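One structure is given below, encoded as structure tokens.
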There are 2 protein chains.
Amino acid sequence: MKEEKLLLSSQICFPIYSVSRLLTKAYKPHLEDLGITYPQYLVLMVLWENDKVSVNQITEKLLLNTNTMSPLLKRMEKMDLVNRVRSKEDERIVIIALTDKGRELKTKALPIPDRLFDEIVTDKVEIDDMLKLKDTLCQLITVLTVKNEVSVRSE
Amino acid sequence: MKEEKLLLSSQICFPIYSVSRLLTKAYKPHLEDLGITYPQYLVLMVLWENDKVSVNQITEKLLLNTNTMSPLLKRMEKMDLVNRVRSKEDERIVIIALTDKGRELKTKALPIPDRLFDEIVTDKVEIDDMLKLKDTLCQLITVLTVKNEVSVRSE
DNA sequence: CACGCTTATGTCGTGCACGATGCAAATATA
DNA sequence: TATATTTGCATCGTGCACGACATAAGCGTG
């Protein structure tokens with residue numbers, strides 16, 4: 001009875017996990033032109049939208065932890081994409097700011113979303129399906145992050 | 001005009017990437033009871049469905065490469081979950097077989113899908129949405145894997 | 001049979017993710 | 001004003017992912 005639920009084909013998590021990896025791979029050739037990885041691209045998107053933010057603000061937007069973000073930002077600093085400066089008001093806070101090079105990458109990045117969209121949305125996958133997909137995923141994020149916070153709090 | 005497409009909120013890839021990580025995290029406490037990780041759980045699901053298969057057959061089902069699978073399987077061998085034996089007909093092929101311990105884990109794993117389902121599908125996320133989600137994701141997998149194979153072939 | 005090509009698996013280096021832990025600055029509390 | 005607690009960031013260790021490359025076994029063709 002329950003047997004069938006252990007089939008790979010019945011799982012919902014597996015397709016998400018696979019699509020996530022496949023999409024990152026689809027981004028790769030485009031991002032290689034800019035010399036960056038997908039997580040680095042995410043950080044840049046946050047900064048292009050809002051420059052000079054704390055490490056914490058970035059992790060909150062990207063739902064990542066500081067122990068992932070810190071080394072990532074250090075690599076990006078070494079690549080001269082961002083600067084890391086400690087705030088003078090609160091010495092604990094590190095402010096991340098775009099360098100000129102990081103700011104300029106935005107121009108190169110502009111056509112990427114459209115290019116990927118063209119690759120993905122074909123006769124097989126419709127726009128409406130993608131919008132519905134995004135909708136459900138965002139609901140899932142809400143459920144999963146709340147659940148996570150609650151379980152952390154209740155320790 | 002195109003500016004808005006670089007907003008994190010307009011991206012489809014980001015929610016998939018986030019949900020993938022959050023779901024793996026949601027699996028974690030359940031899988032820790034079995035002493036395994038999520039990718040190891042995926043390998044076991046393949047083997048529970050079809051024991052004694054080649055490394056290649058596993059990578060094809062999980063859409064992973066051998067350079068990810070080989071170390072993963074070695075760790076699982078060290079944990080006494082699987083055996084790795086070279087085929088006698090074709091010395092290149094390595095056959096992966098469940099150990100008794102690996103087979104027995106299936107019983108412990110049976111209730112996991114239902115438990116996760118209960119955590120995720122609440123008043124916020126409906127069953128129909130999840131089924132539709134899975135549907136679209138599988139279509140995406142088709143598009144993305146074909147695209148990948150074609151681009152490899154055309155080199 | 002020799003030689004080139006393909007196939008199956010593996011190694012290496014790099015970059016995430018993340019739990020556990022550390023540490024110093026800021027803040028709350030006695 | 002001491003001391004405890006919280007907060008922000010970082011380090012460490014482990015386990016994926018994956019591109020590039022290595023290697024050995026099998027296969028095809030001359």
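Only this structure's heavy atoms are used, side chains among them; waters, hydrogens and symmetry mates stay out. Being a predicted model, the structure only gives us computed values, none of them experimental.
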Under the criterion side-chain contact (heavy atoms from CB on, under 4.5 Å), which of A/D129, A/I16, A/V125 is the partner of B/L137?
-> A/I16
Contact nearer the 5' end of DNA chain C, comparing A/L63 with A/K88 | A/L63
Check the distance between [N]'s [atom2] and [X]'s [atom1] and give it to me in whole angstrom.
X	N	atom1	atom2	answer
A/K78	C/dT14	NZ	C1'	12 Å
A/L64	D/dC9	CG	P	14 Å
B/M76	C/dG10	CE	P	14 Å
A/E91	C/dC23	CD	C1'	14 Å
B/L72	C/dT9	CG	C1'	15 Å
B/L73	C/dA8	CG	P	16 Å
B/D90	C/dT9	CG	P	8 Å
B/I95	C/dG10	CD1	P	11 Å

Selection from [options] that lies nearest to any side-chain heavy atom of [X]:
X	options	answer
A/I93	D/dC9, C/dA17, D/dC16	D/dC9
A/N65	C/dC18, C/dT11, D/dC9	C/dC18
A/R86	D/dA10, C/dG15, C/dA8	D/dA10
A/V55	D/dC16, D/dA10, D/dC18	D/dA10
A/T68	D/dC18, C/dT9, C/dC18	C/dC18

Examine [N]: is either OP1 or OP2 under 4.0 Å from a nitrogen or oxygen in the side chain of [X]? Give yes or no.
X	N	value
A/R21	D/dC18	yes
B/K74	C/dT11	yes
A/Q40	C/dC16	yes
B/T37	D/dC16	yes
A/R75	C/dC16	yes
A/Y17	D/dA17	yes
A/T66	D/dC9	no

Before accepting this row, confirm whether a basic side-chain N of the pair B/R103/B/D100 lies closer than 4.0 Å to the acidic partner's carboxylate O.
-> yes
Decide, yes or no, whether a salt bridge links A/R84 with A/E77 under the criterion of side-chain N to carboxylate O below 4.0 Å.
-> yes
Counting only distance, no hydrogens or angles, is the base of C/dT9 paired donor-acceptor with the side chain of B/R92 under 3.5 Å?
-> no
Would you say the side chain of B/N67 and the base of D/dG19 hold a donor-acceptor pair, judged only by whether the two atoms sit under 3.5 Å apart?
-> yes
Over 12 non-hydrogen atoms of neighbours within 6.0 angstrom of CD in A/E126 = no
Using a heavy-atom cut-off of under 4.0 Å over every strand shown, decide if A/S54 touches base, sugar-phosphate, or nothing.
-> sugar-phosphate
Quick one: label A/E89 by what it contacts on the DNA or RNA (base, sugar-phosphate, nothing), any heavy atom closer than 4.0 Å.
-> sugar-phosphate
B/M130 reachable from A/L133 in the ILVMFWY side-chain graph, under 4.5 Å edges | yes
Cluster link B/I112 to B/L47, ILVMFWY, side chain under 4.5 Å | yes
Comparing B/P39 with A/N56, nearest DNA chain D nucleotide closer to 5' gives the residue A/N56
